[in-house]
Amino acid sequence: QSPEVQSCLEEELINFHDTISYQGLADEERYTKIKGAGSLNLQSLAILRELAAWREKTARIADKPRGHIVPDNVLLSIVRRNLATPASINKDSGISKKASKKYMDDIIKAITEGKNCKKNNLPASLKSPRLSNKNKEDLERLNKMIKLKSDTKGIDPNMVGNVADMKFFVKHLSNPEKLKKAKLYN
């Protein structure tokens, strides 16, 4: 291996020794990984954020997988159908009787917290940015450049960034301040 590749590998391996690399998402960010969350409006995302954070904490305390507390599809159903009462949740969300009996008060509390979320504390949209034709051309050029550089360095182009990161970068290329504030990588 070339010294450049060796140096790059050593730098990457340092991250494996850092315990922060293994912490995963904060409870309050777990909602971003729920399939279907991207189609929700900001107020609904706030409710989903509270429900998902509650579920993460509950699962950790119970030492059970999050899906054994309340599955993703039930959380999404509660949010999408705007269910906010025990009767409506029991009837229309698909929640199990056991979970309903055990967690209903906590679920209602999380829904209420999400509904009462102030505008300045609403989560950011999870919708992928729409690209103009110029943005699409820029993205294509960026992907070609990344592939070329990656091939010469012997690394996988996917290590540079994912599709969403590249779209965000291209969309906001003309706004350096927004790029500086962006959390593209943890």
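Hydrogens, waters and symmetry mates play no part in the numbers below; they use all other heavy atoms, side chains included. This structure is a prediction, so every number in the text was calculated from the model and none was measured.
For residues 72-92, the pairs satisfying salt bridge (Lys or Arg N to Asp or Glu O under 4.0 Å) are Arg55-Asp72, with sequence neighbours left out.
Using a distance-only test at 3.5 Å, with no hydrogens or angles considered, a donor-acceptor pair links the side chain of Asn90 to the main chain of Pro86. Judged by distance alone, the side chain of Thr152 and the main-chain N or O of Lys149 form a donor-acceptor pair under 3.5 Å.
Interatomic distance, Met104 CE to Lys97 NZ, rounded to the nearest 0.5 Å: 12.5 Å. Put simply, CG on Leu40 and OH on Tyr31 are 10.5 Å apart, with the number rounded to the nearest 0.5 Å. Between atom CG of residue Asp27 and atom CZ of residue Arg66 there is a gap of 9.5 Å, rounded to the nearest 0.5 Å. Taken to the nearest 0.5 Å, the CD1 atom of Ile107 stands 7.0 Å off from the CD1 atom of Ile111. One finds the CG atom of Leu126 at 6.5 Å from the OG1 atom of Thr32 (value rounded to the nearest 0.5 Å).
Taking all atoms of both residues into account, the shortest heavy-atom contact from Leu48 to Ala37 is CD2-CB, 3.6 Å. Counting all heavy atoms, side chain and backbone alike, Ala46 lies closest to Leu122 at CB-CD2, 3.8 Å. Annotation for Val70 and Ala99: closest pair CG2-CB, 4.4 Å, computed over non-hydrogen atoms. Heavy-atom minimum distance, Ser77 versus Ser93: OG-CA, 3.4 Å. In terms of heavy atoms, Ile34 sits closest to Ala52 at CD1-CB, 4.1 Å.
Residues Leu139 and Met145 fall within the same hydrophobic cluster, defined by Ile, Leu, Val, Met, Phe, Trp and Tyr side chains chained together at heavy-atom separations under 4.5 Å. Cluster membership check: Leu131 shares its hydrophobic cluster with Leu142, using side-chain heavy-atom separations under 4.5 Å among Ile, Leu, Val, Met, Phe, Trp and Tyr. Residue Leu42 is grouped with residue Leu75 when hydrophobic side chains (ILVMFWY) are merged at heavy-atom distances under 4.5 angstrom, including chains of intermediate members.
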Checklist entry - Are Ile47 and Leu51 close enough, and set up right, to give a side chain to side chain contact (heavy atoms under 4.5 Å, CB included), and what steps lead you there? => result CA-CA 6 Å; Ile47 296 167; Leu51 285 167; 4.0 Å; yes
Checklist entry - side chain to side chain contact (heavy atoms under 4.5 Å, CB included) between Met166 and Ile146: does it pass, once the steps are laid out? => result CA-CA 10 Å; Met166 295 301 123; Ile146 289 171; 3.5 Å; yes
Item to check | CA sep, side-chain torsions, deciding dist, call: Ile108, Asp105, side chain to side chain contact (heavy atoms under 4.5 Å, CB included) | outcome: CA-CA 5 Å; Ile108 297 298; Asp105 290 343; 5.8 Å; no
Checklist entry - Hey, mind stepping through Tyr103 and Ile95 against side chain to side chain contact (heavy atoms under 4.5 Å, CB included) and telling me if it holds? => result CA-CA 10 Å; Tyr103 304 120; Ile95 194 169; 5.9 Å; no
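Looking at Lys57 and Glu28, a side-chain N of the basic residue comes within less than 4.0 Å of a carboxylate O on the acidic one, giving a salt bridge. Using a cut-off of 4.0 Å between Lys/Arg side-chain N and Asp/Glu carboxylate O, Lys136 and Glu140 are scored as not salt-bridged. One finds a salt bridge joining Arg141 and Asp138 here, because a Lys/Arg side-chain nitrogen approaches an Asp/Glu carboxylate oxygen to under 4.0 Å.
Evaluation of the side-chain contact (heavy atoms from CB on, under 4.5 Å) rule for Lys147 yields Asp151 as partners, not counting sequence neighbours. Pro71 pairs by the side-chain contact (heavy atoms from CB on, under 4.5 Å) definition with Asn73, Val74, not counting sequence neighbours.
Side-chain contact between Ser132 and Lys171: absent, with no pair of heavy atoms (C-beta onward) separated by less than 4.5 Å.
Shown here is Lys115, whose NZ atom has more than 12 heavy atoms of other residues, nucleotides or ligands within 6.0 Å.
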